[in-house]
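Small disclaimer: the values here were computed from a predicted structure and weren't measured. Quick note: residue numbers are just sequence positions, from 1.
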Amino acid sequence: MRIAVTGSIATDHLMTFPGRFADQFVADQLHTVSLSFLVDNLDVRRGGVGANIAFGMGQLGTNPILIGAAGFDFDEYRAWLDRHGVDTASVRISETLHTARFVCTTDADHNQIGSFYTGAMSEARQIELKTVADRVDGLDLVLIGADDPEAMLRHTEECRSRGIPFAADFSQQIARMNGDEIRILLDGATYLFSNEYEKGLIESKTGWSDEEILAKVGHRVTTLGAQGVRIDRVGQEPIVVGCAEEERKADPTGVGDAFRAGFLSGLAWGVSLERAAQVGCMLATLVIETVGTQEYRLRRGHFMERFTKAYGDEAADEVRTHLK
């Protein structure tokens, strides 16, 4: 099964200020703020929802096709993804813009001041899925993740017009989208991904009830935080899968992307929806135990040992035959 992942490709530049932002502001001078913070450390991490999901699928051996736009500074990041089983040949490289970048400083109270530079991500709208499909001899599913909004709309319309099954996954872009845009992006999707809060926001913005939305998509996949995930289908009982036990909680960033990577890998293997969700939850657990969205290592023996403990021998035997 050939699965393409569209979505943002970005780097995170994370800095730590040992003091408190609040101590640096003068109440009657807030209209002329001019501050510079001497930071203690800088972490540069690979990110972007499209790249995070593709990385996880590559770790599971399902060779995803990453579709998105990056800058002329993408060479090192591309080499990293290539080494980890991601097909990056369809990433558009901007001739003038840098790869999207999130720059954030965190103070001693965990307050943050950050900026997001869109950069090359704005060129994702120029990518045609047909070109990608022709290169890889067809696409079986396209995940349309958070990206340049125009790109998300174009990819959705192209999937619909060409009869390519697609999964809708708005995540961070829900906040800036209106109801009309969300209705376009979800109608006819084979899978609709969201967390619980986003689920309510989708219903509020579209004016459609849960039942009405479910009638317009094949499957509604809702992540439930520490409670796992629920998969709803019209006329059938929901599938509920719990999370694997955590060894520690280091950083929640990228956990949702990891779930999607595991779930989509399960679809690529052809296992049941329950098994796919279990793989997603297990991968998400590995990510929450690691600082950074692509810093975890998937060791087959360790993964299967913990998967067996969480979901039983029968589930493990089925997944083990696919995990490379």
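Within the structure, ring-ring contact (aromatic ring centres under 6.0 Å, His included) contacts touching residues 217-245 (residues at least two apart or in different chains) are Tyr191-His219.
Under the side chain to side chain contact (heavy atoms under 4.5 Å, CB included) criterion, Ala133 pairs with Leu139, sequence neighbours left out. Residues satisfying the salt bridge (charged side-chain N to carboxylate O under 4.0 Å, His left out) test with Glu198, not counting sequence neighbours, are none. Residues satisfying the salt bridge (charged side-chain N to carboxylate O under 4.0 Å, His left out) test with Glu76, not counting sequence neighbours, are none. Partners of Ala250 under the side chain to side chain contact (heavy atoms under 4.5 Å, CB included) rule, at least two apart in sequence or in another chain, are Arg248, Val291. Take Asp210 and apply the salt bridge (charged side-chain N to carboxylate O under 4.0 Å, His left out) test, not counting sequence neighbours, and it matches Lys199, Arg220.
More than 12 heavy-atom neighbours from other residues, nucleotides or ligands sit within 6.0 angstrom of CG on Asp40. The number of heavy atoms from other shown groups lying within 6.0 Å of CD (Gln227) does not exceed 12. Within 6.0 Å of the CZ atom in Arg83, the count of heavy atoms belonging to other residues, nucleotides or ligands exceeds 12.
At a cut-off of 3.5 Å, with distance as the only test, a side-chain donor of Ser90 or Arg135 sits close to an acceptor on the other residue. Under 3.5 Å, the side chains of Gln294 and Asn52 contain a donor-acceptor pair of N or O atoms. A donor and an acceptor atom, one from each side chain of Thr285 and Glu246, are nowhere located under 3.5 Å apart.
Here the two rings, on Tyr296 and Phe303, have centers that are 6.0 Å apart or farther. The aromatic ring centroids of Phe193 and Phe263 lie less than 6.0 Å from each other. Proximity of the aromatic rings of His13 and Phe102 is defined here by a centroid distance below 6.0 angstrom, and this criterion is not met.
For the pair Arg160 and Phe166, the minimum side-chain heavy-atom distance is below 4.5 Å. Considering only heavy atoms from C-beta on, Ile213 comes within 4.5 Å of Leu192 through its side chain. Taking the side chain as every heavy atom from C-beta outward, Arg183 and Trp208 approach each other to under 4.5 Å.
Listed here is the closest heavy atom pair of Leu97 and Ser122: CD1-OG, 4.0 Å.
Taking the six-membered ring for Trp and thresholds of 30 and 60 degrees, Phe17 and Phe21 have nearly parallel ring planes, at less than 30 degrees apart.
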* Test Thr16 against Asn41 for side chain to side chain donor-acceptor pair (under 3.5 Å), laying out the working first. => CA-CA 6 Å; Thr16 303; Asn41 60 317; 3.2 Å; yes
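Atoms CZ and OG1, from Arg46 and Thr99 in turn, are 12.5 Å apart once rounded to the nearest 0.5 Å.
A salt bridge does not link Asp82 to Arg78: none of the charged side-chain nitrogens sits closer than 4.0 Å to a carboxylate oxygen. Here Asp23 pairs with Arg20 in a salt bridge; the nearest charged N to carboxylate O distance falls below 4.0 Å.
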